[in-house]
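Here is the structure we will look at.
Just so you know, residue 1 is the first one in the sequence shown, and it goes up from there. For clarity, every value in this text was computed on a predicted model and none was experimentally measured.
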Amino acid sequence: MSKSEALGLRRIDAVQFYVSDLARSRAFWVDRLDFVEVAQSDPAWEAATGHRSIIVQAGEAVYQLTTPLRPDSAAGRYLARHPDGVSELVFEVSDAARCFAALEERGAAMVCDVEDATVQGGAVRRFSITTAFGDVLFTFVERREGARGLPGMVATGAAAAAGNRFGFGEIDHVTSNFLTLKPLVAWCKQVLGLEEYWGIQFHTKDYSTVDGPGSGLKSVVLWDPHSGIKFANNEPLRPYFQNSQIYLFVEDNRGPGVQHTAVTIADIVGTVHGMRDAGVRFMPTPGTYYAALGPRMDELGIEIDEDINELERGEILVDGEGPGKYLLQIFAQDFAGLYGDAKGGPFFLEIIQRKGDRGFGGGNFRALFESIERAQLATGRV
């Protein structure tokens with residue numbers, strides 16, 4: 001049995017997001033993205049934890065939005081150090097006890113022993129560990145048959161299928177930013193048993209779309225080959241190390257952490273206009289990207305189904321690994337920009353539609369990086 005197989009990972013079960021303004025966050029996820037509020041925190045749990053939470057869901061993508069009721073709560077302490085951001089990733093596992101034993105043997109720092117908890121529809125077994133992802137915990141949960149939801153949460157009676165007009169599916173991957181990758185990569189391999197999946201590095205000084213000195217990044221994608229869970233991880237690349245948006249993210253976040261999560265969608269071209277109408281703003285893409293898109297697809301041997309003019313109107317990115325396999329992506333503006341408030345934090349959401357390509361488009365990595373950098377240049381950040 002391989003190191004990763006021993007953990008028995010199945011999928012990303014939920015993302016915990018600590019927020020300073022729960023009503024504002026709910027409005028984004030529910031009113032704009034059409035997620036459904038499927039659960040809210042029980043008053044007894046609120047009194048015990050000092051937290052108030054709701055769970056929003058579309059398809060299999062689940063986010064728990066939590067705000068502090070007391071400054072000494074976990075969320076209160078987190079938000080005293082950071083803006084709004086991801087504080088916990090929850091993973092479903094086949095056997096919590098076996099997963100715990102494997103992680104403990106590899107030197108993981110356990111927050112607690114395996115605990116039993118009652119949730120909607122049944123019971124779960126769960127435990128948490130600290131990580132090399134900054135102030136982000138990993139929680140591993142074994143769900144008994146029929147068990148849904150998270151501890152301390154009470155179902156609202158609304159079903160996730162009742163919303164989701166945009167056709168969201170599941171959380172595809174998690175991307176995080178660091179000032180140095182080597183300790184993170186070593187921890188992921190040695191403790192989680194992950195394997196390297198893909199990597200890229202580049203510098204925008206080579207590209208005429210960006211004025212000024214530009215900056216760069218190095219990215220390493222790690223994955224669990226049994227579940228398909230993927231983590232993309234970035235560090236700044238010299239020269240102009242401190243100009244890199246990766247460096248600026250770590251500054252804005254006041255430490256390393258999750259930059260974005262990607263959610264799959266059934267028809268990105270058909271729904272992105274509806275998202276814009278609902279008030280979702282996206283990272284801009286220059287027209288030069290689309291002028292070069294046809295020749296780039298030809299070079300890759302990819303024939304896309306979509307009309308390039310429609311992609312340009314939606315500012316949707318396209319990339320692929322070869323004939324018949326490509327992906328389409330778009331990236332929302334970060335929450336600080338969406339809310340006009342630095343407390344919203346530098347986290348943003350990626351929307352992705354996969355058409356046979358399970359990887360990461362190198363061309364889109366560049367396009368996203370340059371888009372963020374243009375915005376930072378425009379506001380005088382670099």
Side-chain angles (χ1 to χ4, degrees), residues 14-33 35 49-56 63-90 130-138 171 174-179 184 217 231-236 242-263 279-283 331-350 368-369 371-373 375-376 378-382:
V15 176
Q16 169 95 261
F17 208 92
Y18 282 164
V19 301
S20 54
D21 187 330
L22 186 58
R24 180 175 69 180
S25 296
R26 184 192 184 281
F28 173 79
W29 291 94
V30 175
D31 298 340
R32 298 186 184 184
L33 288 182
F35 275 59
T49 63
H51 292 160
R52 176 164 293 146
S53 295
I54 63 171
I55 293 179
V56 297
Y63 291 81
Q64 182 170 357
L65 312 177
T66 298
T67 198
L69 298 176
R70 302 191 302 262
D72 64 344
S73 64
R77 295 193 300 271
Y78 178 98
L79 291 171
R81 300 189 300 272
H82 306 283
D84 294 4
V86 173
S87 61
E88 181 182 7
L89 297 176
V90 182
T130 63
T131 73
F133 287 76
D135 286 344
V136 180
L137 295 179
F138 280 10
I171 297 173
V174 177
T175 297
S176 304
N177 288 348
F178 309 83
L179 294 185
L184 177 279
L217 68 69
F231 301 89
N233 310 286
N234 306 316
E235 71 178 11
Q242 293 184 347
N243 278 355
S244 174
Q245 66 186 252
I246 308 305
Y247 182 93
L248 294 177
F249 172 94
V250 176
E251 279 203 330
D252 291 343
N253 193 56
R254 299 178 206 141
V258 176
Q259 179 204 48
H260 72 266
T261 55
V263 182
V280 180
R281 297 195 300 274
F282 296 98
M283 307 281 191
F331 301 86
Q333 190 176 6
D334 67 27
F335 284 161
L338 284 169
Y339 300 150
D341 179 4
K343 289 183 180 179
F347 175 92
F348 58 88
L349 196 68
E350 173 186 347
L368 170 64
F369 192 87
S371 179
I372 297 174
E373 188 163 274
Q376 291 173 340
T379 57
R381 291 297 308 281
V382 293

Testing the basics here: between [X] and [Y], what is the closest heavy-atom pair and its distance to 0.1 Å?
{"X": "V56", "Y": "W29", "result": "CG2-CB, 4.0 Å"}
{"X": "A332", "Y": "F348", "result": "O-CB, 3.3 Å"}
{"X": "L22", "Y": "L65", "result": "CD1-O, 3.5 Å"}
{"X": "P68", "Y": "V19", "result": "CD-O, 3.7 Å"}
{"X": "L338", "Y": "Q333", "result": "CD1-O, 3.2 Å"}

Full working for ring-ring contact (aromatic ring centres under 6.0 Å, His included) between H260 and F347: CA-CA 5 Å; H260 72 266; F347 175 92; 7.7 Å; no
Working to the nearest 0.5 Å, report the span between [atom1] of [X] and [atom2] of [Y].
{"X": "D135", "Y": "S87", "atom1": "CG", "atom2": "OG", "answer": "9.5 Å"}
{"X": "I54", "Y": "Q64", "atom1": "CD1", "atom2": "CD", "answer": "9.5 Å"}
{"X": "L69", "Y": "T49", "atom1": "CG", "atom2": "OG1", "answer": "7.0 Å"}
{"X": "I171", "Y": "T261", "atom1": "CD1", "atom2": "OG1", "answer": "5.5 Å"}
{"X": "E251", "Y": "L179", "atom1": "CD", "atom2": "CG", "answer": "8.5 Å"}
{"X": "L184", "Y": "N234", "atom1": "CG", "atom2": "CG", "answer": "10.0 Å"}

Before giving the answer on side-chain contact (heavy atoms from CB on, under 4.5 Å), spell out for T175 and V258 the whole-Å C-alpha distance, their side-chain angles and the decisive distance to 0.1 Å. CA-CA 6 Å; T175 297; V258 176; over 6 Å; no
Would you say P83 and P346 make side-chain contact, with heavy atoms under 4.5 Å? yes
Validation row: Y63, V263 side chains within 4.5 angstrom (heavy atoms): yes
Any donor-acceptor N/O pair, [X] side chain to [Y] backbone, under 3.5 Å:
{"X": "R32", "Y": "V280", "value": "no"}
{"X": "N177", "Y": "Q259", "value": "no"}
{"X": "R281", "Y": "G337", "value": "yes"}
{"X": "T131", "Y": "V136", "value": "yes"}
{"X": "R254", "Y": "V250", "value": "no"}

Students often mix this up, so state it plainly: with edges at 30° and 60°, are the rings of [X] and [Y] parallel, tilted or perpendicular?
{"X": "H51", "Y": "Y18", "value": "tilted"}
{"X": "H82", "Y": "Y78", "value": "tilted"}
{"X": "F231", "Y": "F133", "value": "tilted"}

Report the C-alpha separation of F17 and F335 in whole Å, then their side-chain angles, then the decisive distance to 0.1 Å, and conclude whether the ring-ring contact (aromatic ring centres under 6.0 Å, His included) test is met. CA-CA 12 Å; F17 208 92; F335 284 161; 5.7 Å; yes
Applying side-chain contact (heavy atoms from CB on, under 4.5 Å) to L137 and T130, what does each step give before you reach the verdict? CA-CA 5 Å; L137 295 179; T130 63; 4.1 Å; yes
Could you walk me through whether L248 and N243 pass side-chain contact (heavy atoms from CB on, under 4.5 Å), step by step? CA-CA 7 Å; L248 294 177; N243 278 355; over 6 Å; no
side-chain contact (heavy atoms from CB on, under 4.5 Å) assessment of F28 paired with L33: CA-CA 6 Å; F28 173 79; L33 288 182; 3.4 Å; yes
According to the salt bridge (charged side-chain N to carboxylate O under 4.0 Å, His left out) rule, which pairs have a member within residues 339-348, sequence neighbours left out? R24-D341
Which pairs count as side chain to side chain donor-acceptor pair (under 3.5 Å) when at least one residue sits in residues 65-74, sequence neighbours excluded?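 For residues 65-74: Q16-T66, S53-T66, R70-D72.
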